[in-house]
2 protein chains.
Amino acid sequence: MNYVITKLLYEGKAKKVYETNCQDVVVIEYKDDATAFDGTKRGIINNKGIVNNLVSNYFFKILESNKIPTHFIEQIDERKTAVKKVQIIPVEVIVRNIAAGSLCKRLGLEEGAILKRPILEFCYKNDALRDPQVNQYHILALELATEDEIKKIEEYSFKINDVLRNYLKQVNIDLIDFKLEFGRYKGEIILADEISPDTCRFWDVATKEKLDKDRFRRDLGNVEEAYMEILRRLGLDKKVNKFNSELKGE
Amino acid sequence: MNYVITKLLYEGKAKKVYETNCQDVVVIEYKDDATAFDGTKRGIINNKGIVNNLVSNYFFKILESNKIPTHFIEQIDERKTAVKKVQIIPVEVIVRNIAAGSLCKRLGLEEGAILKRPILEFCYKNDALRDPQVNQYHILALELATEDEIKKIEEYSFKINDVLRNYLKQVNIDLIDFKLEFGRYKGEIILADEISPDTCRFWDVATKEKLDKDRFRRDLGNVEEAYMEILRRLGLDKKVNKFNSELKGE
Ligand SMILES: Nc1ncnc2c1ncn2[C@@H]1O[C@H](COP(=O)(O)OP(=O)(O)O)[C@@H](O)[C@H]1O
Ligand SMILES: Nc1ncnc2c1ncn2[C@@H]1O[C@H](COP(=O)(O)OP(=O)(O)O)[C@@H](O)[C@H]1O
Ligand SMILES: [Mg+2]
Ligand SMILES: [Mg+2]
């Protein structure tokens, strides 16, 4: 279908969201802007928007084929995708397989420690409060979601972990952890936002090399290369060619 | 029974725990020492140990009669009680009815805000990590408790909230929030530690006056008087007489 962008609804840290001529549909545009540590660190990762758009759409299609309902409709161009307009549930879901990032400090774990069971965490999406960790009871008391919604969100999140973890293993990537957002669409909970190197930790299985936004967060260098490597592992690098020959230096 | 103290097992911030001639039984001795803010603030609250011993035992007996299994066996003297020796689960359970303390800052709530539903929180009992908030998945991954144990602990905690809230309402006290510890005893989960003005927030229903350790934490004055007032409301002040006439200035 031909969705016509009518107005910028929201500009976030990494994406813009546009209204379209269809009231149930918004267009997401992926930017190259990168932020970390609650927005205190800022920078640009060249072509990040293109990579994240492709990678996220690719994962969402895999998830759809595994019976996870998502907001994905269709890609519009290299940085833009049409998605179902949801009412975002202001709760971020984090799923962790291996200890990394804030968890290590919080629980005194070594980075890389294998968790005996995946850990699911909720954060209240609230910049002023710096996205505090919450549990299901906080979510119910604050009326951010209902009991049934929380149950669905947990169920989907663990399933997404299984599907993506198995998939990524085949291309020699360990899925360390990732962040999800869900929304309400016509009375149902569906997966929204993005799944990309911005929102996941990906480590090379053999070398443990980080192939995600931690390269930016921690100034590890080769940031753009890491994003491109994810594209390559997923076999999506040829696709970019179609949109953006500059990426390959042509 | 006559339990004979054989050895000091552990001295904590507020209590001492002694081994006895019976291997399944320890004696808890309540001290007047008070600490707050992860032990950074320290002081003495005169007769606190006597009040907490009486109050805690009183609540534990009420809970037992409401089918909550507890460690309580029998009071030995004004500061000492014989309890079942448990393997403490290193998780503190906090139940909240009204927003107060750390929750307000964390979630941007006014102190005194009525929560639409009681909130249950878990903290990993670990001084070095400053008792970080955790959820059931952290507890499982760290193998602090099993799924069945967590379920039992949640069920008991909400039931304890109902019983104590209703009970305290009758003596014009609002139960704002409280902290519990559970332990394993002969394969079962039972309530351990204490329930007292040290571990609860109690507000006078009419005046909202604080009758708990917040008077010490926040230097509100009349700390000893608040602990004594709880004793009076529960009708336990006459009991103290028996042990300690000094308390009443005789
Ligand atoms: N399908 C959707 N419908 C409506 N809003 C969405 C959808 N998917 C994601 N969003 C929201 O769009 C915004 C995306 O922009 P982003 O730069 O990630 O924002 P933020 O700075 O809040 O993280 C987020 O607020 C996200 O919750
Ligand atoms: N029934 C019990 N059996 C064994 N240990 C217990 C029991 N009840 C409470 N405890 C433990 O005894 C100690 C009580 O001392 P306290 O001063 O409260 O310690 P802390 O400074 O660790 O809070 C705590 O570590 C508590 O977990
Ligand atoms: Mg975002
Ligand atoms: Mg204690």
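Values below: every heavy atom of this structure, side chains too, minus hydrogens, waters and symmetry copies. All chains are named by letter (A, B, ...) in the order of the sequence lines, taking the proteins before the strands, and each is independently numbered beginning at 1. Remember, predicted model here, so these are calculated numbers, not experimental data.
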(request) Sort B/Leu142 into side chain, backbone, both or neither according to what part of it lies under 4.5 angstrom from a heavy atom of chain A. (result) side chain
Taking atom [atom1] of [X] as the centre, report whether more than 12 heavy atoms of other residues, nucleotides or ligands fall under 6.0 Å from it.
{"X": "B/Lys41", "atom1": "NZ", "value": "yes"}
{"X": "A/Lys159", "atom1": "NZ", "value": "yes"}
{"X": "A/Lys85", "atom1": "NZ", "value": "no"}
{"X": "A/Lys105", "atom1": "NZ", "value": "no"}
{"X": "B/Glu147", "atom1": "CD", "value": "no"}

(request) Tell me the residues of residues 117-138 of chain A whose non-hydrogen atoms fall below 4.5 Å from those of chain B, in number order. (result) A/Arg117, A/Pro118, A/Ile119, A/Leu120, A/Glu121, A/Tyr124, A/Leu129, A/Pro132, A/Gln133, A/Val134, A/Asn135, A/Gln136, A/Tyr137, A/His138
(message) Just to be sure I understand the criterion: a residue of residues 186-196 of chain A counts if one of its heavy atoms is under 4.5 Å from a heavy atom of chain B. Which ones qualify?
(response) none
(request) Considering only heavy atoms and a distance below 4.5 Å, find which of A/Leu115, A/Leu109, A/Leu107 pairs most often with chain B. (result) A/Leu107
